[in-house]
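In what follows, a structure is listed as structure tokens, so that the remarks can point back to it.
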Number of protein chains: 2
Amino acid sequence: MRDEMKCRVCRGPLRPPERGRPPLYCSRACQARAYRSRKNPPLPAPTAPELAGRPRQIVEAVWRIAAERGLRMATVREIAAEAGVTPRVVQYHFPGKHQLLVTALQTLHRDNDRRARDRFAALRDASDPRVLLRAVLEELLPLDDRRRTSLRVMAAYYAWSLTDPALAAVFLHAGQPLEDLVATLITAAGAPPAIDPAAEADLLVGGISGLGLDLLHRRRTRADVLRVLDHHLNRILPR
Amino acid sequence: MRDEMKCRVCRGPLRPPERGRPPLYCSRACQARAYRSRKNPPLPAPTAPELAGRPRQIVEAVWRIAAERGLRMATVREIAAEAGVTPRVVQYHFPGKHQLLVTALQTLHRDNDRRARDRFAALRDASDPRVLLRAVLEELLPLDDRRRTSLRVMAAYYAWSLTDPALAAVFLHAGQPLEDLVATLITAAGAPPAIDPAAEADLLVGGISGLGLDLLHRRRTRADVLRVLDHHLNRILPR
DNA sequence: CTTTCGTGGATACGTTCGTATCACGAGGGA
DNA sequence: TCCCTCGTGATACGAACGTATCCACGAAAG
């Protein structure tokens, strides 16, 4: 029942190959038609399963390349080389490059969420809300290699997400629980009634993120950023 | 004195062409060698001349593509089509794609600077420092099509600049006069002595920029952002 | 009238991209 | 033993990329 010896598009006869793999189409034009008829981007699934093993290893290779050389250089071949596998293995575990990039962003988001939650839980019992608040905001700054990598990857993805609905959906998925958490912490830390926790939280989260981007460029120093952060913590939560 | 009928690399004989342009190399291998021996990226000039006429038109095409479809889609062919010229014309006016992208960013920076300076000069005589300060900060927000386009282009370039020294240099070139200007305005507007103008300026500029990025994603509404801005202006400059 | 020179259209070059296809080996029932 | 699936290496495909080269045309210069 195999359709050998006939072009898959026009059903015409095939020329027998002199060497190598036998041809599937009678001409480049027929092969091009078959190629074009396959380009329909399906919508990506809103959720993503937990990754482990080789898929996880490939996704982490995407992070490293995006952070060090930019998302632009994250080609399938480069990702495979960085992960120590062949391109075929990447192709086997992910239905396509776009889905791989979306999955990599989702996984990074979930990883950061989990790490922040763990740190929060570890500090929650032993510390006062002021320390907790500072820890939450510090998590946004690229103060070590892990956070610097994460922020660089996020910056690369943000630009891409402005023109890609699937990536934008990942950014918008979380809503804005971070600003709500900061506002709650400001209230819990005993801010004076003159302080508006929501407005302070909005500016703090946005401002610290922006200062973090300056830090990536070395346009500011780490001490500068931390000084600004402490100044405003002292302003919002006077001792 | 022309070296016709001989390969430009190995000086071997050329096969006469049956039709079309006569060949320059005796084989693809020789052509590949000539190609590889030409790939040395020279350092871009730190300054850029003023653009007008067709170069300006091409640079504006880069902006539109970067804003609407992403820097990733800003290929030479797309840029030429958007500018209404042939790719050859782009090639004629710019020494290469990378230099074109750098020039486009430099020109956008200078345009934004000039516009902000004009608006500042127009308001300087008739308004109090508070209105001036609000105008300066509002200029950072994507509140109309021009500013939205500009911010989207800047976001795309920022991500690219993290892995491209020539683009990073453009971002770092200005230093931080904007924060200084805001701090000066805060002082001039008569802030109470309890206010630290520099620290407020740092958080304000970073925060408003961050809120602007949220606005691009429609993660916040324009009213939200303006409410936060006015809240902090009222806090820093009580009536 | 001839000769340059700036400009740009048409097209080809080598490269690299994402993806598809084929071949094959290991493992596990029937 | 046969057959099937899973995983993977090798390689090919069409497309698009940045760039280079060949020519043609018009205006200015001689």
With respect to the side chain of [X], which nucleotide from [options] is positioned closest?
{"X": "A:Gln91", "options": "C:dT21, C:dG8, D:dC17", "answer": "C:dT21"}
{"X": "B:Arg77", "options": "D:dT8, D:dC17, C:dG9", "answer": "D:dC17"}
{"X": "A:Val89", "options": "C:dT7, D:dG9, C:dG18", "answer": "D:dG9"}
{"X": "A:Lys97", "options": "C:dG18, C:dG8, D:dG9", "answer": "C:dG18"}

Should [X] and [Y] count as an ion pair when the cut-off is N to O under 4.0 Å?
{"X": "B:Asp113", "Y": "B:Arg110", "result": "no"}
{"X": "A:Glu138", "Y": "A:Arg222", "result": "no"}
{"X": "B:Asp118", "Y": "B:Arg115", "result": "no"}

*Side chain B:Arg152, main chain B:Ala67, donor-acceptor under 3.5 Å*: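 Judged by distance alone, yes, a pair lies under 3.5 Å.
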
*asked:* Has A:Tyr157 got a side-chain atom pairing as donor or acceptor with A:Leu101's backbone, closer than 3.5 angstrom?
replied: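 Pair found, side chain donor or acceptor close to backbone of A:Leu101.
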
Could you state the [atom1]-[atom2] distance from [X] to [N], rounded to the nearest angstrom?
{"X": "A:Gln57", "N": "D:dT8", "atom1": "CD", "atom2": "C1'", "result": "14 Å"}
{"X": "A:Ile58", "N": "D:dT8", "atom1": "CD1", "atom2": "C1'", "result": "12 Å"}
{"X": "A:His98", "N": "C:dC17", "atom1": "NE2", "atom2": "C1'", "result": "16 Å"}
{"X": "A:Arg54", "N": "D:dC6", "atom1": "CZ", "atom2": "P", "result": "16 Å"}
{"X": "A:Arg72", "N": "D:dG18", "atom1": "CZ", "atom2": "C1'", "result": "11 Å"}
{"X": "A:Phe94", "N": "C:dT19", "atom1": "CZ", "atom2": "P", "result": "13 Å"}
{"X": "B:His93", "N": "D:dG18", "atom1": "NE2", "atom2": "P", "result": "18 Å"}

_Per-nucleotide pairing state of DNA chain C [Watson-Crick or G-U, under 3.5 Å; [ ] pseudoknot-crossing; | other strand]_ = |||||.|||||||||||||||||||||||.

*Taking the nucleotide of DNA chain C with the closest heavy atom to each, which residue, A:Met73 or B:Arg88, is nearer the 5' end?*
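Looking at the nearest nucleotide for each, B:Arg88 comes out on the 5' side.
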
*asked:* Any side-chain N or O of B:Thr86 below 4.0 angstrom from OP1/OP2 of C:dG8?
replied: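 Negative; the distance criterion is not met.
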
*With respect to the phosphate group of C:dT7, does any side-chain polar atom (N or O) of B:Tyr92 fall under 4.0 Å of OP1 or OP2?*
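So the side-chain polar atoms of B:Tyr92 do come within 4.0 Å of the phosphate oxygens OP1 or OP2 of C:dT7, strictly under.
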
*Give, for atom CG of A:Leu140 and atom CG of A:Asn112, the distance between the pair rounded to the nearest 0.5 Å.*
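Rounded to the nearest 0.5 Å, the CG-CG separation comes out at 10.0 Å.
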
*Would you call the rings of B:Tyr158 and B:Phe171 parallel, tilted or perpendicular if under 30° counts as parallel and over 60° as perpendicular?*
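Because their plane-to-plane angle is over 60°, the rings of B:Tyr158 and B:Phe171 count as perpendicular.
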
